[in-house]
Amino acid sequence: MLHTALAELAIRSRSMSPSIVTVSLAAAAALVAMVRVGPEELASRLSEARPVHLFLACFLPAAATVLYLMLRPRAVYLVDYAGFRTPHTCRIPFASFLEHAKLMPELSERSIRFMTRLLERSGIGEETCLPPAHHYIGTHKYCTVDAARAEFELVAFSAIDDLLAKTGVAPEAIDILIVNCSLFCPTPSLVDMIVNKYKLRSDIRSMHLSGMGCSAGLVAVGLAGNLLQVAPHGAHALVVSTETITPNYYVGTERAMLLPNCLFRIGGAAALLSTSPAKARFRLKHLIRTLTGAQDSAYRCVFQEEDGDGHRGINLSKDLMNIAGDALKANITAMGPLVLPASEQLKFALSFIARKVINRRVKPYIPDFRTAFEHFCIHAGGRAIIDELQKNLGLSDEQVEASRMTLHKFGNTSSSSLWYELGYIEAKGRMRKGDRVWMIGFGSGFKCNSAAWECIQPARNADGPWATSIHRYPVVIPDVLSH
Ligand SMILES: CC(C)(COP(=O)(O)OP(=O)(O)OC[C@H]1O[C@@H](n2cnc3c(N)ncnc32)[C@H](O)[C@@H]1OP(=O)(O)O)[C@@H](O)C(=O)NCCC(=O)NCCSC(=O)CC(=O)O
């Protein structure tokens with residue numbers, strides 16, 4: 001029996017860290033040896049042993065335990081997060097958006113009619129915001145590098161100010177800084193702008209993830225978690241997730257490139273991570289990254305390019321929903337075994353065997369992820385994305401409420417949408433200690449990244465981006481808005 005246990009341990013050890021494996025295997029082998037010799041033989045051998053042997057017998061396990069404790073991966077905690085509170089001055093009701101568009105000679109009557117239809121179907125509301133440059137008539141003429149920098153400063157600095165005030169962490173206590181912003185990549189970089197503004201330390205480890213799409217916020221969290229493993233215990237990592245909209249107003253006639261004009265809106269968030277549990281509000285349990293970019297269709301489905309007339313924009317393929325579905329399938333296949341209870345895993349295994357052995361037409365069992373998570377934050381990328389995930393994961397209207405309301409209030413704010421959604425759930429007072437949250441991000445590449453968090457301490461009050469409007473939510477969002 002012990003041999004079987006040992007064999008099982010060896011199999012399981014493939015997914016464990018080397019230090020855990022060594023200590024566990026050594027302890028199991030010692031146990032097997034002790035059981036084999038029996039208690040009397042063991043006592044007589046101990047009495048014959050020399051002091052040096054006894055010393056080694058005690059010292060080695062103790063040393064191995066210390067080594068294990070030192071080398072095991074450290075837990076990563078979310079100290080807190082803050083979303084950019086969009087100012088009323090940046091609000092862009094549909095009427096203003098379309099009036100501005102009509103005054104642009106580059107946009108045809110047909111393009112404007114198409115954008116009107118999209119706005120009505122998009123699931124975004126009348127309170128979303130665009131950066132200051134997009135409020136000028138003849139928008140694209142004002143979309144300069146300076147204006148884009150100003151947008152980043154407005155969003156990132158406001159979110160960081162809120163986060164530092166909330167956590168009481170001083171700028172000089174930040175050891176790692178990661179910014180993810182896909183489409184704006186100036187020199188000096190966005191991280192340099194933050195370092196300069198907050199006078200951060202010269203030995204800070206800083207990096208900017210660009211071109212990584214809307215799911216890069218979770219890439220940044222994973223990267224911060226990895227860097228924290230090699231930083232002193234209790235170090236702080238600041239992650240800033242945003243998309244700078246200013247330089248990305250498209251003025252051509254390609255429908256697939258007009259879609260981003262209607263969906264993407266100003267927004268951003270800052271999150272502080274640490275390996276110290278002191279004052280932490282969430283613990284990062286798992287982070288799974290799936291990249292399907294090896295397939296050409298997945299690689300090209302969110303693509304920055306120039307149209308035939310030389311107008312630059314982002315082309316969103318109509319295939320995006322299918323590609324997102326495949327990426328999600330791969331991601332949940334990796335996440336499932338880590339989070340699902342045994343009963344769900346058994347049902348999945350039985351359906352898998354039935355399909356393989358009995359009949360391929362047996363419907364595959366989709367595990368019920370509601371048994372593993374109390375809350376879901378699905379990237380507010382567009383109404384169709386939320387609809388599709390709700391259907392595929394069998395989620396209730398309340399479970400996708402945070403995503404739909406975030407899309408309605410803020411639009412598609414790229415990677416920061418997940419933080420607005422977490423903020424919504426907390427502002428509604430639905431988060432409890434011990435609750436599990438699943439964040440699922442999608443983005444260019446094509447990527448599906450997801451993170452599982454456990455709440456240690458819910459927010460005490462509904463401050464932040466939802467503070468002044470949460471009492472009005474949820475709102476009813478019709479499939480097609482009629483004016
Ligand atoms: C755009 C929608 C709101 C439209 O909603 P509906 O389902 O009501 O309507 P629909 O699908 O019939 O589309 C309405 C009209 O728009 C056209 N249409 C829709 N999607 C299109 C596309 N990608 N390219 C070109 N045309 C498109 C349809 O053909 C149709 O025109 P006609 O009737 O003439 O045939 C929805 O499809 C949606 O949410 N799509 C997903 C948006 C998306 O790709 N989000 C991800 C952003 S990327 C991201 O977030 C990550 C990242 O950037 O990294």
Side-chain angles (χ1 to χ4, degrees), residues 94 110-125 128 180-184 209-220 241-245 247-248 250 252-268 289-293 297-305 307 313-325 327-328 377-391 400 403-404 406-408 410-418 420-421 439-450 477-482:
F94 292 175
R110 197 169 158 267
S111 296
I112 290 161
R113 268 206 310 275
F114 179 66
M115 288 203 289
T116 310
R117 281 177 60 212
L118 285 181
L119 283 174
E120 289 167 349
R121 288 166 163 73
S122 62
I124 77 167
T128 64
N180 69 277
C181 176
S182 213
L183 295 165
F184 180 51
L209 304 178
S210 69
M212 298 281 281
C214 298
S215 64
L218 293 181
V219 175
S241 297
T242 188
E243 189 53 80
T244 300
I245 307 293
N248 297 298
Y250 173 70
T253 53
E254 280 294 328
R255 287 173 148 219
M257 294 166 84
L258 286 165
L259 181 51
N261 285 355
C262 304
L263 291 178
F264 286 98
R265 294 293 182 262
I266 190 172
R289 288 173 58 176
T290 304
L291 175 57
T292 57
S297 56
Y299 166 68
R300 288 197 68 98
C301 88
V302 180
F303 210 79
Q304 187 174 34
E305 61 184 3
D307 65 13
I314 307 296
N315 190 316
L316 294 179
S317 158
K318 274 191 182 178
D319 266 354
L320 189 138
M321 297 312 305
N322 294 332
I323 287 159
L328 174 73
C377 300
I378 297 161
H379 170 47
R383 213 199 60 227
I385 291 189
I386 305 170
D387 288 349
E388 198 64 18
L389 259 86
Q390 176 172 20
K391 198 173 81 196
V400 294
S403 303
R404 287 199 198 285
T406 295
L407 183 65
H408 184 269
F410 299 103
N412 178 344
T413 62
S414 189
S415 54
S416 63
S417 74
L418 300 177
Y420 284 106
E421 291 167 27
M439 284 183 170
I440 309 174
F442 295 97
S444 62
F446 192 87
K447 304 178 193 72
C448 173
N449 300 323
S450 80
I477 303 170
D479 285 348
V480 183
L481 206 75
S482 52

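As the structure lists them, so they are numbered: ligands from 1, and atoms in each ligand from 1.
- Near ligand 1, heavy-atom contacts under 4.0 Å come from Phe114, Arg117, Leu118, Arg121, Ser122, Gly213, Cys214, Arg255, Ala256, Leu259, Leu263, Phe264, Val302, Leu316, Ser317, Lys318, Leu320, His379, Gly381, Gly382, Arg383, Ala384, Ile385, Asn412, Phe442, Gly443, Ser444.
- Not a single ring pair (Phe, Tyr, Trp, His ring centres under 6.0 Å) links Phe446 to another residue, sequence neighbours left out.
- Of the possible polar contacts, none joining the Asn315 side chain to the Phe303 backbone as a donor-acceptor pair under 3.5 Å is found.
- When side chains are defined from C-beta on, Asp387 counts as touching Arg404, because their heavy atoms get closer than 4.5 Å.
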| request: Give the C-alpha distance, both sets of side-chain angles, the deciding distance and a yes or no for side-chain hydrogen bond (donor to acceptor under 3.5 Å, both in side chains) between Ser297 and Asp319. | output: CA-CA 8 Å; Ser297 56; Asp319 266 354; 5.7 Å; no
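- The salt bridge (charged side-chain N to carboxylate O under 4.0 Å, His left out) search around Arg265 returns none, not counting sequence neighbours.
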Would you be so kind as to tabulate the donor-acceptor pairs closer than 3.5 Å made by side chains of residues 110-117, with sequence neighbours excluded?
| from | atom 1 | to | atom 2 | distance (Å) |
| --- | --- | --- | --- | --- |
| Ser111 | OG | Ser108 | OG | 3.0 |
| Thr116 | OG1 | Ile112 | O | 2.7 |

